[in-house]
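I have placed the structure first, in the form of structure tokens, so that the comments after it can refer back to it.
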Amino acid sequence: MLQTSRSADVSKAEYETRVELAACYRLAAHFRMSDLIYTHITAKVPGEPGRFLINPYGYMWEEITASSLVKIDVDGNKVCDSPNRVNPAGFTIHSAVHMSRSDAAWVMHTHTRAGVAVACLKDGLLPLNQIALQFHGRIGYHDYEGIALDLEERDRIVESLGSYPALILRNHGLLTVGQSAGQMFSNMFYLDRACEIQQSTLSMGLPLARIGDSLAEHVTRQYDKMAFDDGDLLLEWDAMMRLADRLDKGFRQ
């Protein structure tokens, strides 16, 4: 049975973060980006430095609710009265990013089929389609070092990510960050979609029409204008929250 954390002392800002984070899990499950009970999406707790929210270990992503999320410290230890377990080892990558990037309030890591497939390619994500150009010159790569349990790998992960919004963990999977839930989720949705398109393109075995750097950079700037100047990112996240409610409003509990 899914157990929930006590919420008497939760601030309004923390509750709102919990709701959005629970929505991220439900949406990721809906879009088939989950990995049974594994991998994580995490968020900083507003106004509480060194405190984060993470999924309760052992639950499917479509089961997660705002109150079942567990508050932890930078080492993955519980700092709230919760009956649920956490997976400290699974927080290794997330803690590294959260601690090193002030703008990385939200971190998402996935092992989707297309994402892992592209992570296995020497050249990684290729400039083959419009969606991929959102990440042109803005994606880091981190060489595989085994299952990410070693705390010493944190610094190398941070160095590989740099100031980028996304990271491809070679032979492993994808990671995206954001200042908001919407920014992080959008980055992951479109990075995974770009990987899916690339996987389909390469499967055809025909000559590739690569896009040159100059045009790719132009399209990247166009994406930025639409997302931030025109407000498309906010509209998109509002739509995603409406979808989460249509799927099951229980995530807000």
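Note that the structure is a prediction, hence the values are computed from the model and not measured.
Residues L121 and I139 fall into different hydrophobic clusters, defined by Ile, Leu, Val, Met, Phe, Trp and Tyr side chains chained together at heavy-atom separations under 4.5 Å. Linking Ile, Leu, Val, Met, Phe, Trp and Tyr whenever their side-chain heavy atoms come within less than 4.5 Å puts M184 and L125 in one cluster. Following chains of ILVMFWY side-chain contacts shorter than 4.5 Å, one cannot reach M33 starting from V116, and the two form parts of different hydrophobic clusters. Both Y164 and L175 sit in one connected hydrophobic cluster of ILVMFWY residues. Membership requires side-chain heavy atoms under 4.5 Å apart, directly or through other members. Connection of L233 to M188 is not established within any shared hydrophobic cluster, with ILVMFWY side chains joined at heavy-atom distances below 4.5 Å, either directly or through further cluster members.
Of all the heavy atoms in I211 and A216, the pair that sits closest is CG2-N, 4.1 Å. Contact record, A43 with T17: CB-CG2, 3.8 Å, taken as the closest heavy-atom pair. For A244 against L27, the heavy-atom pair with the smallest separation is N-CD2, 4.0 Å. Considering all non-hydrogen atoms of both residues, K78 and P83 come closest at NZ-C, 4.4 Å. What you find for V177 and A104 is that their closest heavy atoms are CB-CB, 4.0 Å. Nearest heavy-atom pair, A117 versus Q199, reported as atom, atom and distance to 0.1 Å: CB-NE2, 3.7 Å.
Atom NE2 of H40 sits about 10.0 Å away from atom CG of D35, to the nearest 0.5 Å. The structure places CD of E236 at 6.5 Å from CE of M240, a figure rounded to the nearest 0.5 Å. The distance from atom CG of L53 to atom SG of C80, rounded to the nearest 0.5 Å, is 8.0 Å. With rounding to the nearest 0.5 Å, the separation of CD1 in I37 from CG in N87 is 8.0 Å. Atom OH of Y223 sits about 11.0 Å away from atom CG of D232, to the nearest 0.5 Å. To the nearest 0.5 Å, atom CG of residue D238 and atom CG of residue L234 are 7.0 Å apart.
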Working for side chain to side chain contact (heavy atoms under 4.5 Å, CB included), residues R51 and I72: CA-CA 6 Å; R51 298 290 185 265; I72 57 176; over 6 Å; no
Steps toward side chain to side chain contact (heavy atoms under 4.5 Å, CB included) verdict (L208, L202): CA-CA 8 Å; L208 303 177; L202 296 182; 3.8 Å; yes
Stepwise side chain to side chain contact (heavy atoms under 4.5 Å, CB included) check, E196 with T112: CA-CA 9 Å; E196 290 177 341; T112 62; over 6 Å; no
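In this structure the side chain of Y144 never reaches within 4.5 angstrom of the side chain of L169, judged on heavy atoms. The shortest distance between side-chain heavy atoms of R193 and I197 falls below 4.5 Å. When side chains are defined from C-beta on, Q134 does not count as touching T220, because their heavy atoms never get closer than 4.5 Å. R26 is listed as a side-chain neighbour of T65, based on a closest heavy-atom distance under 4.5 Å. Counting only heavy atoms from C-beta outward, the side chains of L36 and M60 approach each other to under 4.5 Å. H136 is not listed as a side-chain neighbour of V219, based on a closest heavy-atom distance of 4.5 Å or more. In this structure, E62 and D248 have side chains that are not in contact, with every pair of non-hydrogen atoms separated by 4.5 Å or more.
Put simply, the side chain of S95 gets close to the backbone of F91: a donor and an acceptor are under 3.5 Å apart. Distance alone, capped at 3.5 Å, places no donor-acceptor pair between the R170 side chain and the H142 backbone. A distance-only check finds no donor-acceptor pair linking the side chain of Y141 to the backbone of K122 [under 3.5 Å]. Using modelled atom types, one side-chain atom of D73 and one backbone atom of D75 make a donor-acceptor pair closer than 3.5 Å. The backbone N or O of Q179 lies less than 3.5 Å from a partner atom in the side chain of Q183, making a donor-acceptor pair. Checked by atom type and distance alone, the side chain of N129 pairs as donor or acceptor with a backbone atom of A132 at under 3.5 Å. Side-chain atoms of S34 do not come within 3.5 Å of backbone N or O of A28 as any donor-acceptor pair. For H109 (side chain) and L174 (main-chain N/O), a donor-acceptor pair under 3.5 Å exists by modelled atom type. Between the side chain of D192 and the backbone N or O of A114, no donor-acceptor pair lies under 3.5 Å. A donor-acceptor contact shorter than 3.5 Å links the side chain of Q198 to the backbone of G124.
A salt bridge links K71 and E48; the closest N-O separation between the charged side-chain nitrogens and carboxylate oxygens is under 4.0 Å. With respect to R156 and E153, no salt bridge is recorded, no charged nitrogen being found less than 4.0 Å from a carboxylate O.
Aromatic ring pairs are classed by plane angle as parallel below 30°, tilted from 30° to 60° and perpendicular above 60°; the pair F31 and F185 is tilted. Using cut-offs of 30° and 60° for the angle between ring planes, the Y25 and W61 rings count as perpendicular.
Applying the side-chain contact (heavy atoms from CB on, under 4.5 Å) test between L21 and each of N55, I41, I64 identifies I41 as the sole match.
A donor atom on one side chain and an acceptor atom on the other are found under 3.5 Å apart for T42 and H94.
Atom CZ of F228 is surrounded by more than 12 heavy atoms from other residues, nucleotides or ligands within 6.0 Å. Dense packing is recorded around CD of E16, with more than 12 heavy atoms of other residues, nucleotides or ligands lying under 6.0 Å away. Counting heavy atoms of neighbouring residues, nucleotides and ligands inside a 6.0 Å radius, atom CG of L235 exceeds 12 of them. The number of heavy atoms from other shown groups lying within 6.0 Å of CD (E217) is above 12.
Two rings, from H98 and F52, have their centers less than 6.0 Å apart.
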